[in-house]
Amino acid sequence: MNALQAEIAESILKKVGQRILPDLSEFETIFSDSFSRYRNELLKMADETRRKHVGDDVFLRGLIEFSNYCSCACNYCGISSYNRKLKRFRMTADEILNTVKYAYEIGFRSFVLQAGEDKFFDENTLLSIIDRIKSGFDCALSLSTGEWPAESLRKFKNAGADRYLLRIETSDPVIFGELHPDSRWEDRDHCLKDIKNAGFQTGSGILIGIPGQSHAVLYSDLKYLIDLDPEMIGIGPFIPHPDTPLGNEKGGDIETTITFLALIRLYLPDSYIPATTAMGSIHPEGRKMALMAGANVLMPNVSPVENRASYELYPNKICLNDNALKCTKCIEGWVGEIGRKVNMGYGHIVRNSSSGRDKSRPYG
Ligand code: SAH
């Protein structure tokens with residue numbers, strides 16, 4: 001690295017530290033080899049920002065994958081209707097409730113219900129499940145059940161669901177269209193705004209390493225997420241699934257994923273960011289690395305072990321055989337090793353205007 005490159009790297013770090021958006025060429029530099037000596041500095045800044053704004057707790061959310069039936073044929077997703085090889089399962093409402101009860105007894109007070117786009121779970125069925133969970137258990141509840149009309153979202157919120165997770169996946173409408181033959185980017189974007197308007201704590205995010213994702217696209221992803229300003233942001237590497245049309249693609253790498261996550265922490269300092277299972281699936285230390293670069297949430301799978309292998313969004317998914325109790329003990333161990341502590345409470349996101357984004361101050 002020559003003196004000029006060092007000067008550029010220093011000035012980029014300074015900008016990021018002041019929460020000023022880099023320009024596209026500076027953004028590209030962050031992901032280039034010439035910046036590698038400075039990358040650790042960036043990750044340290046993100047870790048420090050995490051500590052300052054959301055503390056040392058690592059919030060656990062118990063993930064219940066309740067159906068892998070899906071009417072969408074998303075090109076990258078292992079449970080898409082495209083995958084004829086997959087064994088399909090659907091939990092009954094009682095099974096879902098029993099799973100909540102089991103994890104609740106272990107100590108979980110925050111749950112995420114996730115599924116494919118399964119028409120069996122229509123509005124009334126979901127409403128009744130939300131109601132039974134929220135009236136039976138003192139807990140926070142997130143939904144991750146795809147796109148719904150604004151009216152349904154409002155009903156889910158009124159029934160007691162607290163949060164809604166829906167990734168934009170990419171800010172590029174053309175790439176989005178190629179990945180999702182059944183959905184339109186504009187609808188996804190609109191739905192995210194409906195989720196916010198319904199009063200949910202909103203989660204969104206993107207996949208790293210999808211075909212066609214240049215640094216310019218990643219840059220626009222960052223800007224999209226800053227503008228949307230969701231309470232939670234999930235960043236995960238795309239992992240090619242052999243039984244999907246994108247099975248032979250390269251997929252996302254850990255370095256790009258962690259660097260992008262760190263930037264998210266730096267520009268959205270009070271957001272809640274999971275160290276995703278996908279990160280742990282492409283690198284043995286992936287979730288630990290994410291927690292040390294800005295993440296503060298883990299979403300261990302508490303679903304019945306017999307269903308887990310069939311909820312195969314991507315291959316080599318970790319923790320398929322460990323029940324929730326074993327998983328929790330394991331997590332407590334390695335989270336403790338990095339000087340952090342597990343928090344099994346509601347994990348509600350407290351937005352403090354002085355610590356979060358100062359809306360009066362535009363980026364860039
Ligand atoms: N039907 C719900 C839940 C989808 S699964 C919805 O559409 O929101 C949750 C997330 O898994 C998706 O948002 C996607 O980002 C991720 N995912 C799916 N396939 C994946 C793959 N092959 N590699 C990595 N992540 C994947």
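For this chain, numbers begin at 1 and follow the sequence in order. Indexing begins at 1, ligand by ligand and atom by atom, following the structure's order.
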**Student:** Connecting only ILVMFWY residues whose side-chain heavy atoms lie within less than 4.5 Å of each other, what is the rest of Val305's hydrophobic cluster?
**Tutor:** none
**Student:** Under 6.0 Å between ring centres: does that hold for Phe121 and Phe66?
**Tutor:**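 Aromatic pair counts; centres sit under 6.0 Å.
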**Student:** Can you list the steps and then say if Asp138 with Tyr346 is a side-chain hydrogen bond (donor to acceptor under 3.5 Å, both in side chains)?
**Tutor:** CA-CA 9 Å; Asp138 174 26; Tyr346 310 126; 2.6 Å; yes
**Student:** Should side-chain heavy atoms under 4.5 Å link Ile, Leu, Val, Met, Phe, Trp and Tyr, which residues sit in the same cluster as Tyr272?
**Tutor:** Val54, Phe59, Leu63, Val112, Leu165, Met232, Val297, Met299, Ile349
**Student:** For a distance cut-off of 3.5 Å, show me each N or O of ligand 1 paired with any protein N or O, plus the separation.
**Tutor:**
residue, atom, partner, partner atom, Å
ligand 1, 1 (N), Ala115, O, 2.9
ligand 1, 1 (N), Glu117, OE2, 2.6
ligand 1, 7 (O), Glu117, OE2, 3.4
ligand 1, 13 (O), Glu169, OE2, 2.6
ligand 1, 15 (O), Arg167, NH1, 2.8
ligand 1, 15 (O), Glu169, OE1, 2.6
ligand 1, 15 (O), Glu169, OE2, 3.4
ligand 1, 22 (N), Tyr76, O, 2.9
ligand 1, 22 (N), Ile239, O, 2.8
ligand 1, 22 (N), Leu313, O, 3.3
ligand 1, 23 (N), Ile239, N, 3.0

**Student:** Scan side-chain atoms only and decide if Glu65 and Asn301 contain a donor-acceptor pair under the 3.5 Å cut-off.
**Tutor:**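 Yes, a side-chain donor-acceptor pair sits under 3.5 Å.
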**Student:** Can you list every side chain to side chain donor-acceptor pair (under 3.5 Å) pair that touches residues 119-128, not counting sequence neighbours?
**Tutor:**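 Non-adjacent pairs meeting side chain to side chain donor-acceptor pair (under 3.5 Å): Ser71-Lys119, Asp122-Thr125, Glu123-Ser152, Glu123-Lys155.
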